[in-house]
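Single-structure report; data block below.
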Protein chains: 2
Amino acid sequence: MGDHTKTLLFKKITGLTDISASSVRKLFKITSPRQLFKGEIILKQGQGCKTIVFVEKGYLRTFMEREGIDINTDFTFENNFTTNLKSLRSNLPSETNIQAGESSTIYEFEKDELLNLYKASPEIESFGRKLLEQLLIAQEEHSTLFKIYSPAERYDYLLNNKPEFLQRVSLSQLASYLGVTRETLTRIRRKK
Amino acid sequence: MGDHTKTLLFKKITGLTDISASSVRKLFKITSPRQLFKGEIILKQGQGCKTIVFVEKGYLRTFMEREGIDINTDFTFENNFTTNLKSLRSNLPSETNIQAGESSTIYEFEKDELLNLYKASPEIESFGRKLLEQLLIAQEEHSTLFKIYSPAERYDYLLNNKPEFLQRVSLSQLASYLGVTRETLTRIRRKK
DNA sequence: TTCACTTTGTGACATTTGTCTCAGGTGCGC
DNA sequence: GCGCACCTGAGACAAATGTCACAAAGTGAA
């Protein structure tokens, strides 16, 4: 057992909400670090999503398969949470896959255990609410990107606001995330 | 003061979470129905968003202005909540406008009053968390629509899953919501 | 190193979508 | 009724993007 106060996860939780040391301990009691090798899949299309995941190191790729082609819908880098909320909440099969894009370290929170903590501790439920707020804001932002910008503008946006995307994610994978083909993304870059 | 148990809002709250009658009363104490005429604006780009809104009757249109053109990012029909979470949470100026698309009845919840209730009542904070879950799932779904479908497929999706859109929203307004121009949407419809 | 494999760049061409323009229709107020 | 604003449909052309085929560059393992 390492000192959990050294982790990014600890800093994330305490930065997000006012929370007692004992509540933080309760959260750490239901999770532990898990190593993933590059390419390892932690959620498969068709399966139920049972956990919320925090990325301590590395990054996760969320994608759907459609007519044999991967479409990347999200990338979660270190210091962020991700899940498939629709599947998590309703126990429906997930429409997305989640896979490690690099060798990674994650913390997983089981839905049921988290719900028990919510019931027992208002402080922890408050944390849960703020976590959802963050996820929703990020989603809003990404959604807007598609609504108001052209593919080239979306690329510029990433370049300026999330340069880690371009450094760590391959062009092919970035393309579907930006909603264009690989060739179009090449054309966009050529014009610079 | 009408009987609040007759409202859609009451049914929405009690359907979403287990909540005592007294907590529901507390929620209704901080809001009251407000009538909007068609075209009335309740949130302007550049202003801070201070409230979460429930639509009891009619619908709201959320849009951004870019180079003189409206881009619709959301439509909220009766029995749903909406807000601009980014602005609400951080007090930043909103990037979106919200306007009544029909003569409407809404309930507004002030952020500060809601936060006070959250602090005082875990049951109400739990409601707040579940509300966010719903908003996030809806957002996830809409986002996916853009990622995996072509404009024509997006139109079909609405046709099958949200027919009220096509009946109540004009083609011009629908177009930007689907991420295409008015002319392209006409072409899509012509092909049927 | 070589070899197999994956990723990226490029060009030709087809398709889709956008832009601009106009015409007809509809609803609303005067 | 009339005019007026708004919405929809349509065509011609330009621009952007997709599709396909293949070459070039990078990667990792034997």
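Residue numbering restarts at 1 for every chain, and letters A, B, ... go by the order of the sequence lines.
On the nucleic acid side, DNA chain C contacts chain A at distances under 4.0 Å to non-hydrogen atoms, with the end points of that region at C:dT8 to C:dA12.
Between the B:E40 side chain and the B:F37 main chain, a donor and an acceptor come within less than 3.5 Å of each other. Judged by distance alone, the side chain of B:R154 and the main-chain N or O of B:L178 form a donor-acceptor pair under 3.5 Å.
Comment: B:E95 does not engage B:R66 in a salt bridge, judged by the lack of any side-chain N to carboxylate O separation of less than 4.0 angstrom. With salt bridges taken as basic N to acidic carboxylate O contacts below 4.0 Å, one links A:R61 and A:D70. A salt bridge is absent between B:K57 and B:E78: the closest approach of a Lys/Arg side-chain nitrogen to an acidic carboxylate oxygen does not fall below 4.0 angstrom. Comment: A:R34 engages A:E108 in a salt bridge, judged by a side-chain N to carboxylate O separation of less than 4.0 angstrom.
In this structure, the side chain to side chain donor-acceptor pair (under 3.5 Å) partners of A:N97, at least two apart in sequence or on a different chain, are A:Q45. For B:E56, there are no side chain to side chain donor-acceptor pair (under 3.5 Å) partners two or more places apart in sequence or in a different chain. Judged as a side chain to side chain donor-acceptor pair (under 3.5 Å), and not counting sequence neighbours, B:E164 has no contacts.
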Report task. Could you run through nucleotides 11-30 of chain D and give me one letter per nucleotide, 5' to 3': B if any protein heavy atom sits under 4.0 Å from the base, S if only the sugar-phosphate is that close, - if neither? Result -> SB----SBBB----------
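Between B:F165 and B:F77, the gap from one ring centroid to the other is short of 6.0 Å.
Secondary-structure stems of DNA chain C, taken as three or more successive Watson-Crick or G-U wobble pairs (i with j, i+1 with j-1) under a 3.5 Å distance threshold, comprise C:1-30 with D:1-30.
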